[in-house]
Every structure is written in structure tokens, then in C-alpha cells.
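Report on the following structure.
Here is the naming used below: chain letters follow the sequence lines, and residue numbers restart at 1 for every chain. Not measured: the values here are computed from a predicted model.
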There are 2 protein chains.
Amino acid sequence: MRPNSPETSPESKPQTRKRPTITDVARAAGVSIAVVSYALNGRPGVSPATRDRVLRIADEYGWRPSAAARSLRTSERSIALALIHSESSTSRSGHFMDFLAGLQHTLEKHEHSLWLKVVADEEQAATMYHTGWLERRFDAVIVRDVIHDDPRLAVVSREHIPAVVVGHPQISSPHISVWVDEPHAIGQAVDLLCDLGHRTVGFLHSDPTRDTVSRTTQAARVSAARHGARLLTHVTRTPEDSAAAARALLTGTQRPTALVTDTDDTALITLDVARRLSLNVPWDLSLICLGSSAQATLATPSLTSIDVPFTALGEHVGHALMDLLSAGSSSNITVPLPPVSVRGTIAPPRNSDT
Amino acid sequence: MRPNSPETSPESKPQTRKRPTITDVARAAGVSIAVVSYALNGRPGVSPATRDRVLRIADEYGWRPSAAARSLRTSERSIALALIHSESSTSRSGHFMDFLAGLQHTLEKHEHSLWLKVVADEEQAATMYHTGWLERRFDAVIVRDVIHDDPRLAVVSREHIPAVVVGHPQISSPHISVWVDEPHAIGQAVDLLCDLGHRTVGFLHSDPTRDTVSRTTQAARVSAARHGARLLTHVTRTPEDSAAAARALLTGTQRPTALVTDTDDTALITLDVARRLSLNVPWDLSLICLGSSAQATLATPSLTSIDVPFTALGEHVGHALMDLLSAGSSSNITVPLPPVSVRGTIAPPRNSDT
DNA sequence: CTGTTAGCGCTTTCAA
DNA sequence: TTGAAAGCGCTAACAG
């Protein structure tokens, strides 16, 4: 007998922490541990009677297989996602939860779990992905909000970690991509404004690190050009910057009569700026943003926006991951963006008799 | 030789997924696996030369011990936290990230990890805590935003799961509590407003499920009473409700000249309502809220607020958990709230010559 | 200092 | 239908 062998009188309540193991359940049920395992996992080859008894006893004992022990045999499938928490990303986090909900919902249906970590920046995320991979903590990763020369993409490629990238297929490179066609949406927004008669349109992009910045700007430009309209662009980095940019635009000599923003937050800020400049939205200024309907409807006037389906995006990413993990590969997918939801912030320009 | 023994030609690149194990490293280093284990974990009893060599080879092989295998022996310590994602909680999620950052920072220092899950409600959180506990996925849990008859508290008590509750000691009951003294803060806000001369003060609480609602309301009431001021209270459930409540308050016969809100979001909404009623903040209406400075400074005028130190709160919870897990118990702690940060939304009432 | 070995709790052949 | 037993990869006694 080993020293310190715990006194296991069967009747004594496990006052401290002595959670039962499969052995305890097997003994209590008068069967071998194999049978318990079979019964629990719904494997064939156990008589219904035995199965029931085992299950009942397991339940009685409050027993569930230890995750660690189990995953030592059957690599428990899970997906890693690093939540990047910089000051700048704080605003976006509301949507992030929607994304997470959709993602986890899908993963759960396929019996995968999500391994979430909060990190400060992409660099940390990369090292986290690296060590986590070596420690076999997950089977695939998600890379969101790709930046230029993203370190996460580097490790993922180097270590051959299965990955799904939320971003344009081109930057996702060898990995599979789930893409929200923001440029297209921005183009549509500009189109709509031009169709209303606007001839000077502003475009505010609030995050220079995002990979979409050039693509969306380009789309806006093309769209404006097609209508013979002028496009004024500002790329900002912080909310304060955005406010400043909006003010600069709205007090400039070529004041745009309409503005498109890449974010509902930026739109809210712009709304505020306009108000302080005594510009009446939508009559003096039209406004369209990319964002969530929740945020959009809360403002006054409620924002005309293109509502990004964050939950659906999460689900798509989940499916892409499942395909990738099961089939070994998977095709890129484009998440459709709904048409502009017209709310209270657009109107023809005041002097639309150009 | 076992059937299906993998063809392991040492030189062949592990093209697919054949991550090395401790055995591979040991063999490559010409030592036993014990030595590798010792070397890796910095245990004494390995010659520096060997240690270096082992470490180098491990690194070369890109080897890190499998989390599952390791934690089968040494119960890897980790903490569970269920992120509740209901529509109503969406707005609060921005602060949540700050909390998480602080929490994880502390946990990491003590080599604990965070097990995060996104769930829809407290009920799901409770079952998640339950099964997770039985599966030995964590050693303690965090319960945040306690509601009335919280199912999480029920399982935690029933299963004797070590827990730290963010909430009033009284509702945290047998568990240890980390408490932000919101009632006190609200009281201070009301005091300040009364001192400025306000005699009719409104209090908007945006979440009837929170356990703080009665305590904060009571504090506001006491504070107002002390100054002989009138307190008008509204408890709302959704942003729309809050807007309606604010409007009701501001158009009522006894229009308050000052308002206190429990959330920066509510304050923003109130600001919007005031604007639409052509009330000039702060001259026609003073406003103080509980919230984060980030949100507060963004508005126009910038919100006078009591800035909740979410990151610090996370750190405190982390420390409480570490104490609980190591010492077996820990004392309740109260997180101090800073004094009111006076910004642009308070002023004496217009006719303060009462 | 280093190697051997016994498990951790579970899944999964292979025999009975 | 069941049981015995071999590991999964690692840590930690215990021997050498």
C-alpha cells in the first residue's frame, strides 16, 4: 500500500475534492471500466439493462469523464481564437460577442469547443497560437481583423496550423478565407448617395491597420467616379481622429453633402460633430455606415446603415472550420451583405438642382 | 511490432501532423524522458550541459509538452468564466473586455489560465459550470452580474465549486465577494448634484435583473433625503425603455434638473433625449453616470462620470481567486471607486436661488 | 546526475 | 455482451 493512500470509506461524503473516476462508477455498477466507457459514449455492445444501470449510477455519482484524460486518447477538437484587446479595438467588441455567439453555436453542434484568450496585440496572439499549437491545445485557429504583415498569419503558415482567415481571399493566401464584401457594400452606399443627387461624398475609414482599407477606399472611389462625383477620403486611427477628420471635412471648402463611414461608431461620432456644427442630418448631411442594426437604431436620427451580420459571420467561420478539419480543405466563402437599410440619415442634398 | 506502426524515418519532414513527443526529444538527445521532463520544468538534478542540450533539441524539434497529457498528472489550474451574451448585455461588453484583460493578466502571473465560454443566459452558464466542473476543466469559477435567484450561485453552492462572486457580500453568501461599491458612488453623485443646488434629481437604472438595483436606488434616496431633495426613479430594461423613461422624466410636471444613470450607455441615451427636447446640457439638465472614462469622454459634452476601474476589478478578482485556491479561503474585498470625474455635463440648476 | 517505472483517467482493441 | 489490458504523453518517485 502506498503511503498517504487516501482513506476511502465508500460512505463518507467527499467533503473536500474527491471527484469519482470511471473506476468508481464501474465498481459501483459491478462492471468493468470498459463497459462504463461504452455505455457513456453510446457505443454498441452493451445490453440496454447494463447501459441504463451504468448511466444511472454515473449520474448518481455525478460522474463525467475527465476532459484531460479523455482528450489524451481522443484529441478533443477545439478551435483557438485570440481576442485582441487594444484600446482601439474596444469599440468593436460589442459586435465581437455576436460573432462569438454565432461561432460557438456552430462549433458546439459539431462537438468542438472554443479556446479563447485575451491578448494585447497581434504579436501576442501569434505567440499564443504558436505555443498553444505545440501544446496541442487546439486543432485550428481563427484569424480575424488581419493587419498588414500580420504575425499571426506568419506562424500559422510556418507551423502549418489549419486556419480560417476572416478577410479577403488574397490576403488569406494559402489559408481559407471567409470574407465580408465590405468594398462592395461601401460602393453600394456611395451609389445610393450619388443616385440621390450627392456630388461630393466623404468616406471615413477608422482603422488604417485593417486590410480592407485600400479595397474599400478604392470601391468608394470607383463608385463615385462612375457617377461623376467627387470623393473625399480620410483614414483615421482613434475616435478623436475621426471626430477631427469629420470636422475638417464638414468645415472644408468642398464640404461633402454625404458621408460614408466604415463603422457605426464613427458614424455616431460624425453625427455628433455635425450637430455641433449645426448641420441638420439628413438635410444638410447624409450619412451611411457599415455596422450593426442594434447600434444604428439607437441613434437619433437612426442611422442608415449596411448591417453586417456578425452572428452569421461567426456561423460561416464555424462551418468553414468544420469543413477544413474534416475534409482537410474547404473553399473560400463570401458572406453576403444585405442592401442598405434606409433609416433616418439620408436625403437628397439641399441644392440637388445641379 | 505493432501493426500500422508509423514509418518514422527521422529525416522525413513531418509533412502532415506528427508533432513530436517527449520520447522523440529524449531519443534525439540521447537521454531518458525523465531527464527531458526535468530539464523542461527546471527541476534540479540535471547537469547544466545536459539541460542545455535537451532544451536546445526540444526547441529544434519545436516540442512543448502536450497540455492534455501534462494536466492529467498535474491538474492544470484554470478558472472558468461564462460570458453571458443576451441582447441586453451587449452594451456592457465593451467594459467586459477591460475586465477580462485585467483578470487574465493576474491569472497568468500565477500560471493559471482562463476558460471562457459564451452562453445565452445564466441558466446555461450554470449548467456549463456544472458539467465543466465534473469534467475537471477548471478549479474555480467567477460569477459576475448576479441576478435574483441566480442559478449559477445554486450549482456553485451545491457542487462546492470554489467561486468568486462579483457583487455585494450579502448576495455572495458563502462565497467570497469582490464588490464595487456602486451604491456609495451613486450616493456621492446625488450629493454632488444636491450641493450644486439641484432639488429634483432623477435616477435611471437600466437593468432590473442586477442585484444592485435596490441598493443603489436606496443609496440615491438616502442621499437626496439628506439634502431635502426629491428623487425620481426609473428602472428600465432596454435602451428603448431608458429613452422612454428619460423622456417621461424630462417632460413630466416635476422635471428633474439633474439625472444620475447607472451606465454610460444610458447617459448617452439620455443626452440624446435631452437634445431632442431642446434641453441644453448642462444648463437645463445635469448628468452624472457610472461608467468608463473611455465612453464618457467621447460624448458631447463629455460625460461627468464615476469611472469604474474595470481592469482593476479584473485584477482584484484574479487575486481573490488565487488566494482562494492557495489558502483555501480568502477575504471579501471592496474595490474602491474614484470620486466623480467632473466633465461637461454638470452645472448648478438654472434657478438655483431657491 | 540519470534511467526505470508506476501511474493520471480514459478509450479501444482483442479475447473470453 | 463483457472484461483484461495496452497505451495516450507526461510527471515524479525511486533506483542506480
Side-chain angles (χ1 to χ4, degrees), chain A residues 1-6 8 17-54 58 61-77 111 133-137, chain B residues 1-6 8 17-55 57-58 61-77 111 133-137:
Chain A
M1 188 189 244
R2 298 209 314 301
N4 291 334
S5 142
T8 317
R17 41 170 61 203
K18 200 157 46 53
R19 260 106 103 249
T21 76
I22 194 174
T23 316
D24 299 320
V25 176
R27 188 169 32 230
V31 295
S32 74
I33 61 169
V35 173
V36 176
S37 178
Y38 286 148
L40 187 84
N41 299 327
R43 288 294 147 69
V46 192
S47 70
T50 320
R51 182 186 304 275
D52 282 357
R53 186 159 42 87
V54 169
Y61 270 58
W63 174 80
R64 299 231 49 198
S66 143
R70 160 176 273 180
S71 65
L72 193 54
R73 297 282 310 176
T74 70
S75 255
E76 180 188 357
R77 313 253 146 212
E111 308 192 273
W133 175 249
L134 294 181
E135 293 173 0
R136 294 169 183 67
R137 288 185 189 274
Chain B
M1 186 188 248
R2 298 209 318 296
N4 290 334
S5 142
T8 316
R17 41 171 60 203
K18 198 156 49 53
R19 259 105 102 250
T21 76
I22 195 174
T23 317
D24 299 320
V25 176
R27 189 168 33 229
V31 295
S32 76
I33 60 167
V35 174
V36 176
S37 178
Y38 287 148
L40 186 86
N41 298 328
R43 288 293 148 69
V46 193
S47 71
T50 321
R51 182 186 303 275
D52 283 358
R53 185 158 43 87
V54 168
L55 255 33
I57 294 192
Y61 270 57
W63 175 79
R64 299 230 52 199
S66 142
R70 159 176 274 179
S71 65
L72 193 53
R73 296 286 309 183
T74 71
S75 256
E76 180 188 356
R77 319 243 128 229
E111 308 192 271
W133 175 249
L134 294 181
E135 292 172 0
R136 296 167 182 67
R137 289 185 188 274

Please report, rounded to the nearest Å, how far the C1' atom of C:dG3 is from the CD1 atom of B:I22.
13 Å

Taking A:R53 for its side chain and A:A29 for its backbone only, find out whether a donor-acceptor pair lies under 3.5 Å.
yes

Could you check how far CZ of A:R53 sits from C1' of D:dT1, rounded to whole Å?
12 Å

Among the nucleotides C:dT11, C:dG3, D:dT11, whichever has the atom closest to the side chain of B:R73 is D:dT11

What's the closest nucleotide to the A:I33 side chain, out of D:dG3, D:dT11, C:dC10?
C:dC10

Rounding to the nearest 10°, end axes of the helix from C:dC1-D:dG16 to C:dA16-D:dT1 built from five pairs each make an angle of 40°

side-chain hydrogen bond (donor to acceptor under 3.5 Å, both in side chains) contacts touching residues 33-48 of chain A (sequence neighbours left out):
A:N41-A:R70, A:S47-A:T50

Which part of the nucleic acid does A:V36 contact within heavy-atom distance under 4.0 Å: base, sugar-phosphate only, or nothing?
nothing

Nearest listed nucleotide, side chain of A:V35, among D:dG9, D:dT2, C:dT12:
D:dT2

What's A:T74 touching, base or sugar-phosphate or nothing? Going by heavy atoms closer than 4.0 Å.
sugar-phosphate

Within residues 38-52 of chain A, those residues having any heavy atom closer than 4.0 Å to DNA chain C are A:Y38, A:N41, A:R43

Spatial distance of atom CG (A:L134) from atom CH2 (B:W63) [nearest 0.5 Å]:
10.5 Å

Could you check how far CZ of A:R64 sits from C1' of C:dC10, rounded to whole Å?
13 Å

To the nearest Å, give me how far apart CG (B:L134) and C1' (C:dC10) are.
16 Å

Test item: B:T74 side-chain N/O and B:S71 main-chain N/O as donor-acceptor pair under 3.5 Å
no

Working for side chain to side chain contact (heavy atoms under 4.5 Å, CB included), residues B:V54 and B:L40
CA-CA 8 Å; B:V54 168; B:L40 186 86; over 6 Å; no

B:S66 side chain near D:dG9 phosphate (N/O to OP1/OP2, under 4.0 Å)
no

Side-chain N,O (A:S32) to OP1/OP2 (D:dT2) below 4.0 Å
no

A:G62 and A:P20 have their tightest heavy-atom pair at O-CG, 4.4 Å

On a heavy-atom basis, the closest approach of B:R136 and A:S66 is CD-CB, 4.0 Å

Roughly, in whole Å, what's the span from CZ in A:R136 to C1' in D:dC10?
11 Å

Distance check: side-chain N/O of A:T21 vs OP1/OP2 of C:dG9, anything under 4.0 Å?
no

Whole-Å gap separating C1' (D:dG7) and CG (A:L72)
9 Å

Is the phosphate of C:dT11, meaning OP1 or OP2, less than 4.0 Å from a side-chain N or O of A:R70?
yes

With rounding to the nearest 0.5 angstrom, report the OG1 to CD1 distance, B:T21 to B:I33.
8.5 Å

